[in-house]
Amino acid sequence: MMPYFSETFGNPLSMHRFGAEALEAVEIARGKIAKTINAKPEEIVFTSGGTEADNLAVKGVAYAKVQQGKNIITSPIEHEAVGNSCRYLAEHGFDISYLPVDVDGRVSAADARAKITPKTVLVTIMHANNEIGTVQPIEDIFRIAGEKGVITHTDAVQTYGALPIDVKAMKADLLSMSSHKIYGPKGIGALYVREGVDVVPMMHGKGQEKGKRAGTLNVPAIVGFSIAAELAVKEMKKESKRQTKMRDRFINHITDAMKGIKLNGHPTKRLPNNINLSFDGITGDEIIKDLGRHGVAASTSSNSNVLRIIGVSGEKATGSVRITLGRETTESDARHVMAMLQKLVENARKRY
Ligand code: PLP
């Protein structure tokens, strides 16, 4: 039996070793990721990405707490992974309360306090918005929720690796992360679940990840994610300072040089890499196409719900352009795009 087994599967001893090595690699990666957010390794649940982490957090807590209450507090500008999880729950008998957002896309701790009822089981508010870059007052909101015994979740996909995150200081019970936003492999992410917090799993199977997420783990992706996380955190201080400076110079230059421009999102409480501008008299689509022709990746939020909710509509929404800075973006790239954007907008405006 032995020769057949070895020929077919390799030496069973080395196979066993490979399994143990993979397991060890996963645990090392878990420890590294936990350290980046001041969590314990056993509080990290690997998922297929930010979307799955959000689904597990929102639906997992809702179903775990169903005996206690069915009210969930969120914002109307969450990423679809949270937004559609909440809509799904609403269709299945849960009650979703939406906090109002101001013109910069911020929610307030006072509104959160006013909305919490004895039936509230979860507050889920994103750390920063992926379209307009606004960073939310998470610590203030979560402190209030914590005082009232309400579980807290934040989608930190946009801030993880870009801004410091300490789950204890933030008073987050759950926090979603994604690897590809920090230059790690796609299709891997994690949910921080504070020790003692219950989530009903979305994946049923052999009970991996302490029963919170069944399925064989994607070892190479997990290892890649942990290396990307370590690198991002190591470079974070320097990189976020560099990008913030570049972002502000870009925004100030463009708004000084031309009229009819609005910055979408909060002027200072925003992601270091996010520039979202609305230009009167153009359509975002044509500018995006023109920028793309010159090798610049930008996007428009012309059909954006987020812009509509913060009161940017009509011409202002149509003419919105989002530029995302990255680790590879240099000062000279930014200057080049600034000059190009200015010329493209001026030319487009002349055509109308
Ligand atoms: N949440 C936010 C704020 C995001 O920006 C994204 C992705 O862009 C996600 C969730 C989804 O993450 P993933 O692409 O890893 O599923």
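Each ligand, and each atom within it, is numbered from 1 in the order the structure gives.
For ligand 1, residues of the protein lying within 4.0 angstrom by heavy-atom distance are G49, G50, T51, D54, H79, M126, N130, D155, V157, Q158, S178, H180, K181.
Legend: ring pair (Phe, Tyr, Trp, His ring centres under 6.0 Å) pairs involving residues 33-63, not counting sequence neighbours, sorted by first then second residue: Y63-F94.
Here E42 does not pair with R30 in a salt bridge; the nearest charged N to carboxylate O distance is not below 4.0 Å.
Note: T300 OG1 to D285 CG = 5.5 Å, rounded to the nearest 0.5 Å.
Members clustered with V103: none, using a 4.5 Å side-chain heavy-atom cutoff among hydrophobic residues.
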**Prompt:** For K119 and D95, what are the C-alpha separation, side-chain angles and deciding distance, and is it a salt bridge (charged side-chain N to carboxylate O under 4.0 Å, His left out)?
**Reply:** CA-CA 9 Å; K119 295 282 172 211; D95 162 40; over 6 Å; no
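Applying the side chain to side chain contact (heavy atoms under 4.5 Å, CB included) criterion to S313, with sequence neighbours excluded, gives no partner residue.
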